[in-house]
*Asks:* 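For reference, the structure I am asking about is given below.
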Amino acid sequence: SQPPRGKSTRTLLLLAQFLGVQVREVKVVLCRLPAFPDCRLVTELGELRLDSSVIHRTRLSLALFLYQGSVSVLRGSSKPLLEANFAFQASIQALVGAGRISSVEDVNLDIDGLSVRVLSSLFQYSQLARRPGQPGGAGLTSYAAFIPKVCQVKAEAVSGQLEHTDGVSQLSGELSLLYLCGKCTEVPRAGLLP
């Protein structure tokens, strides 16, 4: 394990009170996916905006807005094996101590117009088997401080569709409103996930 990089975090927190980023028309293509070796992942963002502020040097507030985002898994020139369209707003409140983020207090995620379409052939190309000697999830405990104490997710106009590759049969569903709220009753710390 490496010692914490407090200096770079302090600089980030100093700049966070003046930070505002807006990005438009972004396209990212990943050509090598471990779980789908013959496919590529295409992510497109219409507009992404990040606003941040630091309150009394102890509370970091982040607001993230995404308009017209999409994610696709493509194989060759055929139609997408997986296609998702969405927009969301997220807000995060975190406590800061000694120049580091000590805990995430509150996370709110508001998803609008999430639609997911999956072709059944996607599962034929997946390779999820873990190789022998590959490390597991033990290293994730070092990120326990980033587990939020309160997390709320609201999704409106959610739709999903599972379509057989032959195009004859499909399973679809719609949900007007989904609301999830989770609360962490223990203090998250390394080595003990709550």
Side-chain angles (χ1 to χ4, degrees), residues 21-50 62-92 104 106-141 143-144 146-148 150-184 193-194:
V21 178
Q22 182 178 14
V23 181
R24 295 177 55 99
E25 305 300 329
V26 176
K27 182 176 183 179
V28 178
V29 180
L30 296 177
C31 297
R32 292 184 179 264
L33 302 173
F36 302 96
D38 296 336
C39 303
R40 64 188 187 280
L41 178 70
V42 179
T43 304
E44 296 185 57
L45 308 177
E47 181 180 351
L48 180 68
R49 195 173 83 227
L50 172 67
L62 298 173
L64 182 65
F65 303 90
L66 173 65
Y67 305 100
Q68 300 172 351
S70 69
V71 174
S72 303
V73 175
L74 305 171
R75 183 174 187 270
S77 59
S78 60
K79 59 183 178 178
L81 299 174
L82 181 142
E83 191 173 26
N85 296 296
F86 52 89
F88 69 80
Q89 298 180 23
S91 64
I92 301 169
V104 177
D106 193 7
V107 173
N108 289 303
L109 179 61
D110 191 351
I111 305 170
D112 186 28
L114 172 64
S115 66
V116 180
R117 183 175 162 272
V118 180
L119 287 183
S120 61
S121 56
L122 173 73
F123 305 107
Q124 297 173 0
Y125 302 112
S126 64
Q127 296 180 359
L128 299 178
R130 181 176 291 179
R131 298 185 198 105
Q134 187 177 8
L140 295 177
T141 56
Y143 297 98
F146 296 101
I147 297 174
V150 177
C151 180
Q152 299 178 63
V153 178
K154 184 179 82 169
E156 297 183 69
V158 178
S159 65
Q161 182 177 349
L162 176 62
E163 182 179 329
H164 197 279
T165 309
D166 61 12
V168 175
S169 57
Q170 69 179 18
L171 175 67
S172 61
E174 293 182 7
L175 194 60
S176 298
L177 177 64
L178 172 68
Y179 180 76
L180 299 172
C181 181
K183 293 185 179 181
C184 182
L193 293 179

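Just so it is clear, the structure is predicted and the values come from calculations on it, not from any experiment.
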*Asks:* Given side chains that start at C-beta, do those of Arg75 and Phe36 come closer than 4.5 Å, heavy atoms only?
*Replies:* no

*Asks:* Looking at CG of Asp106 and SG of Cys151, how far apart are the two atoms once the value is rounded to the nearest 0.5 Å?
*Replies:* 8.5 Å

*Asks:* Minimum heavy-atom separation for Arg40 and Leu33, please, with both atom names.
*Replies:* C-CD1, 4.0 Å

*Asks:* Please give me the minimum heavy-atom distance between Ser72 and Glu83, naming the atom from each residue.
*Replies:* OG-CG, 4.0 Å

*Asks:* I need the Asp110 CG to Ser91 OG distance, nearest 0.5 Å.
*Replies:* 9.5 Å

*Asks:* With rounding to the nearest 0.5 angstrom, report the CG to CD distance, Leu178 to Glu156.
*Replies:* 10.5 Å

*Asks:* Taking all atoms of both residues into account, what is the closest heavy-atom pair of Leu114 and Phe86, and its distance?
*Replies:* CD1-CB, 3.8 Å

*Asks:* So how far is it from Leu82 CG to Leu41 CG, rounded to the nearest 0.5 Å?
*Replies:* 9.0 Å

*Asks:* Can you name the nearest heavy-atom pair linking Asn85 to Ser70, along with the distance?
*Replies:* OD1-CB, 3.2 Å

*Asks:* Closest heavy-atom contact between Cys39 and Leu81?
*Replies:* SG-CD1, 3.7 Å

*Asks:* Counting C-beta onward and ignoring hydrogens, is there a side-chain heavy-atom pair between Leu45 and Leu66 closer than 4.5 Å?
*Replies:* yes

*Asks:* Do Glu174 and Val158 have side chains that approach each other closer than 4.5 Å (heavy atoms only, starting at C-beta)?
*Replies:* no

*Asks:* Given the rule in the side chain to side chain contact (heavy atoms under 4.5 Å, CB included) test, do Gln170 and Gln161 qualify, once you have shown the distances and angles that lead to the verdict?
*Replies:* CA-CA 7 Å; Gln170 69 179 18; Gln161 182 177 349; 2.5 Å; yes

*Asks:* Could you tell me the separation between the CD atom of Glu163 and the CG atom of Leu171, rounded to the nearest 0.5 Å?
*Replies:* 11.5 Å

*Asks:* Is any side-chain heavy atom of Leu30 closer than 4.5 Å to a side-chain heavy atom of Arg32?
*Replies:* no

*Asks:* What are the two closest non-hydrogen atoms of Pro80 and Leu119, and how far apart are they?
*Replies:* O-CD1, 3.4 Å

*Asks:* Does atom CD (Gln22) have a neighbourhood of more than 12 heavy atoms from anything else shown, all under 6.0 Å?
*Replies:* yes

*Asks:* In the structure I gave you, are the side-chain heavy atoms of Tyr67 and Leu48 within less than 4.5 Å of one another anywhere?
*Replies:* no

*Asks:* Indicate yes or no: at least one non-hydrogen side-chain atom of Phe88 is less than 4.5 angstrom from one of Leu109.
*Replies:* yes

*Asks:* Could you measure the distance from the NZ atom of Lys79 to the OG atom of Ser121? Nearest 0.5 Å is fine.
*Replies:* 8.5 Å

*Asks:* Is a salt bridge present between Lys27 and Glu25, judged by a nitrogen-to-oxygen distance below 4.0 Å?
*Replies:* no

*Asks:* Report yes if the side chains of Val42 and Leu74 come closer than 4.5 Å at any heavy-atom pair, otherwise no.
*Replies:* yes

*Asks:* Is the number of heavy atoms from other residues, nucleotides or ligands under 6.0 Å of Gln68 CD greater than 12?
*Replies:* no

